[in-house]
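These figures come from a predicted structure and were not determined experimentally. Below, all heavy atoms of this structure are taken into account, side chains as well, without hydrogens, waters or symmetry copies. A, B, ... follow the sequence lines: proteins, then strands. Residue 1 opens every chain.
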Amino acid sequence: MALTHRSSNLLKPLSAAVLRRTFSTDTITVETSVPFTSHNCSPPPRTVETTPAEMMSFFRDMATMRRMEIAADSLYKAKLIRGFCHLYDGQEAVAIGMEAAITSKDCIITAYRDHCLFLARGGTLVETFAELMGRKDGCSKGKGGSMHFYKKESGFYGGHGIVGAQVPLGCGLAFAQKYSKEEHVTFAMYGDGAANQGQLFEALNMAALWDLPAILVCENNHYGMGTAEWRAAKSYAYYKRGDYVPGLKVDGMDAFAVKQACKFAKEHALKNGPIILEMDTYRYHGHSMSDPGSTYRKRDEVTGVRQERDPLERIRKLILSHDLATEKELKDTEKEIRKEVDEAIAKAKESPMPDPSELFDNVYVKGFGVEVFGADRKEVKSVLP
Amino acid sequence: MTVVFLGIGATAALTSANSFDSKKLHISSRRLVSETKSTFFVVRSDGRLNSGSNRRAQILITNAVATKADSSPATKPGHELLLFEALREGLEEEMERDARVCVMGEDVGHYGGSYKVTKDLANKYGDLRVLDTPIAENSFTGMAIGAAMTGLRPIIEGMNMGFLLLAFNQISNNCGMLHYTSGGQFTIPVVIRGPGGVGRQLGAEHSQRLESYFQSIPGIQMVACSTPYNAKGLMKAAIRSENPVILFEHVLLYNLKERIPDEEYVLNLEEAEMVRPGEHITILTYSRMRYHVMQAAKTLVNKGYDPEVIDIRSLKPFDLHTIGNSVKKTHRVLIVEECMRTGGIGASLTAAINENFHDYLDAPVVCLSSQDVPTPYAGTLEEWTVVQPAQIVTAVEQLCH
C-alpha cells in the first residue's frame with residue numbers, strides 16, 4: 001500500500017499556559033504533528049496559536065460530526081436513508097480546521113462527502129438528518145439528498161454529485177468575489193480521485209490567469225473509491241500538480257495544521273491568486289455505504305490509522321495534557337452529543353415527506369418560464385407551479 | 001420583411017421590406033391569440049402581428065396598418081440594423097442597466113466576438129465584464145454557473161453551439177438542476193448563447209443542432225431567435241430572466257437586416273410569433289427554417305393555398321396556446337425544423353400536438369426535418385440534408401389535397 005504510517009506524534013504543549021476550567025481565551029501554542037511541505041512557496045510555521053475555548057469547541061464539533069456520521073450509517077442500514085451516502089468520519093479535522101480559519105462570507109464548495117462541511121458551516125443536525133431521510137425539513141427540502149446539501153447564507157455551496165464539476169463552480173465563486181471586489185476567498189474542495197479531472201486544470205489555469213481568490217483543497221484520503229492513488233495518478237503529489245500554482249501539503253488529521261494552512265492560504269489567495277492545499281487525510285468508512293471499504297485496503301491499515309492519527313483522539317489527548325478537562329468530562333460531553341444526535345434524528349423522523357404537489361416546485365424560479373399555453377383545451381392556459 | 005441571404009437552391013431572394021403582395025393583411029378581423037391576458041398588440045408595419053402581454057412591456061405602435069404607402073422607409077420609426085448588431089444592442093442595454101451582467105466566452109473581448117456580437121464591449125466595460133476565456137468550455141461554463149450562484153448574471157457565449165457539448169455536464173447538472181436540488185436556495189440566471197445550425201459547408205462538427213440534446217434538461221428554457229427584432233427582444237428577456245436560458249442563434253442569420261423600434265422593448269420568452277396568418281394549414285418552424293418556409297409560402301400562395309406560419313421561438317416550453325389556437329382553426333399541421341429526424345424539437349412538438357389537440361386534427365402531423373446524417377461538406381449533399389422550400393411545398397400540397 002502506498003500509505004505511509006505516521007509515527008505517533010503527540011502534540012506537545014510548548015508553553016505552560018495557565019489552565020482554567022472555564023474555557024478562556026488565553027493563548028496556547030501547539031505544534032503541528034509534522035512540518036508543512038510546500039511547492040513554489042515558503043510554508044507557514046509549525047506553531048499554531050489556539051485557545052482553550054477553541055480546543056474544546058474543536059472537540060465538541062468533531063465529536064458531533066463523528067457521532068452524526070455513525071448515526072447516518074445506522075440509518076442507512078435501517079433503510080431510512082436510501083441511494084448514496086458518503087461518510088466523512090476520519091476526515092473531520094479538515095472541516096473543523098478550515099472553518100476556524102475563515103468567515104461565513106468566504107465560500108466553501110465541495111463534492112458529495114458534504115455532511116460534515118454542512119454542519120461546520122452552520123447547518124443543524126435536524127436539517128441534515130431530515131434531508132438524508134428525504135423529508136420536508138431538510139436543507140434542500142428533501143429534494144437534494146445526501147449529495148446536495150447547501151446553505152447559501154453561510155456560504156456553503158454544496159454538495160455536488162459529479163466528480164470534479166464543483167471545481168469550475170468554485171472558480172466561478174472566486175470570480176464573483178473578485179468581480180464584486182470583496183476581500184473573501186473560495187475553498188473549492190475535491191478528492192484525490194477528482195484530481196485527475198481535466199476541468200480542474202482548466203479551472204486552475206483560469207484562476208491563475210486572472211488572479212482569482214480560489215483555494216483548491218485536495219482531500220487526499222488515498223483512495224478514489226476502490227482505486228488507490230498510486231494506481232490512478234502518475235504523480236500523486238497533488239499539491240505539486242498545479243505546476244506554476246503554489247501548493248502546500250498538510251496533515252489533514254491535525255485540525256490545527258489545517259487551520260494554519262487555511263489561514264495561510266487565505267492570505268496568499270487574496271494577494272497572489274490561487275493556491276493548492278493537499279490535506280493528507282483518511283476515511284474509515286468505505287467510499288459510500290455500498291462499499292465495505294475492505295476489498296482494496298487491509299483492516300490493519302484502517303485500525304492503524306484510527307489508533308495513531310485519529311483527529312478526535314488527538315484533540316482529546318491535547319485537552320487532557322493541557323488539563324482543560326478531565327477524561328470523565330470529555331466522556332460526558334460525548335454522551336451529551338450522542339443524546340443530541342438521537343434527538344435530532346427523532347425530530348427529523350417526525351418531519352413529513354414532501355407533498356406530491358411540490359414535485360414541480362423550484363424547477364423554474366417562481367413566476368418565470370412556467371406558463372404552458374393551452375395544455376388543457378378547456379383552460380386556455382395552465383400554469384406550472 | 002427582412003432582407004435575407006440567398007438560400008441554397010433558392011430561385012429568388014425573399015421579398016424586401018416594401019412588397020406585400022403575397023400576404024393577406026386582414027389584421028383587424030383576426031383574433032389570433034387569446035385576449036385573456038394581452039392588452040396590447042404590436043402590429044409591425046410589415047403586417048406581422050405580435051401579441052403583447054402584461055408581464056413583458058411591449059410597445060404599442062399605432063397607425064401601423066400595413067399598406068404600401070405607410071411602409072416607405074422615410075416615415076418608418078426605428079433604426080435599421082443587422083441581426084448581430086441587434087443582439088449587441090440588447091446585450092449592451094442590459095449591461096448598462098445592471099452591473100451584474102457580464103459576458104464570458106472565447107474571443108468575446110479584445111477580438112470583439114467571432115460573430116461581432118460583443119464588438120467594442122470590452123473597451124467600454126473592461127476585461128472582467130467581457131471576459132476572454134481560454135478554450136475550456138466545460139470549466140468556463142462551470143465558472144459562469146458558480147458566479148451565477150452568488151448573484152452575478154453571466155452570459156456564456158459558445159463560439160459555436162457544438163462546442164457546448166463539452167459543457168453538457170455543467171449545463172445539465174449544475175445549470176438546470178441546482179435550483180431544484182438546493183430546494184430553491186440558488187437561482188442560476190445565466191444565458192447560454194451561440195450560433196448553431198447548418199451553415200455553408202462548415203463540416204459535420206460545426207453544423208450541429210444542439211436544441212435536440214438540451215431539450216430534456218429540466219430547469220432550463222430554450223429560445224431560438226430568427227429576426228433582428230426578436231433577437232434583441234429575446235436577448236433582453238433572457239438576461240432578465242431568473243431561469244437559465246439557452247438562446248439559439250443561427251450562423252446564417254447574423255446578417256439579416258431589419259428596422260427595429262428605437263424604444264426599449266422586451267419580448268416574452270415563452271411566446272410564439274405569428275409570421276403569417278392563414279386558414280388552410282399551420283406551419284410551425286423556427287430559426288433559419290422560417291425563411292425556407294416563407295419562401296415556400298410565396299409559391300404556395302401562388303398555387304392558391306393559405307398557410308399560417310408560426311415561428312415557435314420558444315423551444316422549451318412550447319407555446320401550446322398559440323399553436324393550439326392555430327390547430328383548432330386550420331386542422332392541419334406541418335412542422336419544418338432543422339433538427340434531425342430522430343429526437344429533435346419536431347419530434348417532441350409532434351408528440352405534444354398529438355397528445356393535446358388530437359381531436360382537432362384532420363390529418364396526421366407531418367414533420368420535415370434534416371436527415372439523420374452528419375452534415376457533409378460537399379455543397380450539394382449539404383443541401384440535401386436540410387429541408388428545402390420545394391419539399392415544403394410538396395408536403396403542404398399532400399396534406400391539403
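Per-residue counts of heavy-atom pairs under 4.5 Å with chain B were compared for A/Met206, A/Lys141, A/His160; the largest is that of A/Met206. Contacts with chain B were tallied for A/Gly138, A/Ala165, A/Gly144, A/Gly145; A/Ala165 has the most, counting heavy-atom pairs under 4.5 Å. In terms of non-hydrogen atom pairs under 4.5 Å with chain A, the most contact-rich of B/Gly324, B/Ala144, B/Gly184 is B/Gly184. Chosen from B/Lys316, B/Glu137, B/Arg129, the residue pairing most often with chain A at heavy-atom distances under 4.5 Å is B/Arg129. For the set B/Asp127, B/Leu178, B/Leu166, the entry with the most heavy-atom pairs within less than 4.5 Å of chain A is B/Leu178. Comparing B/Ile323, B/Asn169, B/Ile135 by how many heavy-atom pairs each has under 4.5 Å with chain A, the most go to B/Asn169. In terms of heavy-atom pairs under 4.5 angstrom with chain B, the leader among A/Lys152, A/His148, A/Lys151, A/Glu358 is A/Lys152.
For B/Ile145, the parts lying under 4.5 angstrom from a heavy atom of chain A are both the backbone and the side chain. In this structure, no portion of B/Met177 lies under 4.5 Å from any heavy atom of chain A. For A/Leu173, the parts lying near chain B are the backbone and the side chain together; criterion is any non-hydrogen pair under 4.5 Å. With a 4.5 Å cut-off on non-hydrogen atoms, B/Ala99 touches chain A through its backbone but not through its side chain. Contacts of B/Leu131 with chain A are made by side-chain atoms alone, with heavy-atom separations under 4.5 Å and no backbone atom involved. With a threshold of 4.5 angstrom between heavy atoms, B/Ser314 does not approach chain A through any atom at all. Proximity to chain B is absent for every atom of A/Gln177, based on heavy atoms less than 4.5 angstrom apart. Proximity to chain B (any heavy atom under 4.5 Å) is shown, for A/Leu204, by neither the backbone nor the side chain. Residue B/Gln170 touches chain A through its side chain alone, counting heavy-atom pairs closer than 4.5 Å. At a 4.5 Å heavy-atom cutoff, the contact between B/Arg100 and chain A is made by backbone atoms alone. Of the atoms belonging to B/Asn173, it is side-chain heavy atoms, and not backbone ones, that fall under 4.5 Å from chain A.
For A/Tyr157 and B/Phe186, the gap between ring centers is short of 6.0 Å.
Taking all atoms of both residues into account, the shortest heavy-atom contact from B/Ile188 to B/Cys175 is CG1-O, 3.9 Å. The heavy-atom pair separating B/Arg153 from B/Ser241 by the smallest distance is NH2-O, 3.0 Å. In terms of heavy atoms, B/Val190 sits closest to B/Ala148 at CG1-CB, 3.6 Å.
A side-chain donor-acceptor contact under 3.5 Å links B/Glu96 and B/Tyr125. In this model, no donor atom of one side chain and acceptor atom of the other lie less than 3.5 Å apart for A/Ser140 and B/Thr181.
Under a cut-off of 6.0 angstrom, the local environment of NZ in A/Lys347 is sparse, with at most 12 non-hydrogen atoms contributed by other residues, nucleotides or ligands. At most 12 non-hydrogen atoms from other residues, nucleotides or ligands lie less than 6.0 angstrom from NZ of A/Lys105. Counting heavy-atom neighbours within 6.0 Å of B/Phe168 CZ, excluding the residue itself, gives a total above 12.
Using cut-offs of 30° and 60° for the angle between ring planes, the A/His86 and A/Tyr112 rings count as tilted.
For the pairing with B/Ile155, the side-chain contact (heavy atoms from CB on, under 4.5 Å) check across B/Val245, B/Val101, B/Ile192, B/Val108 returns one residue only, B/Val101.
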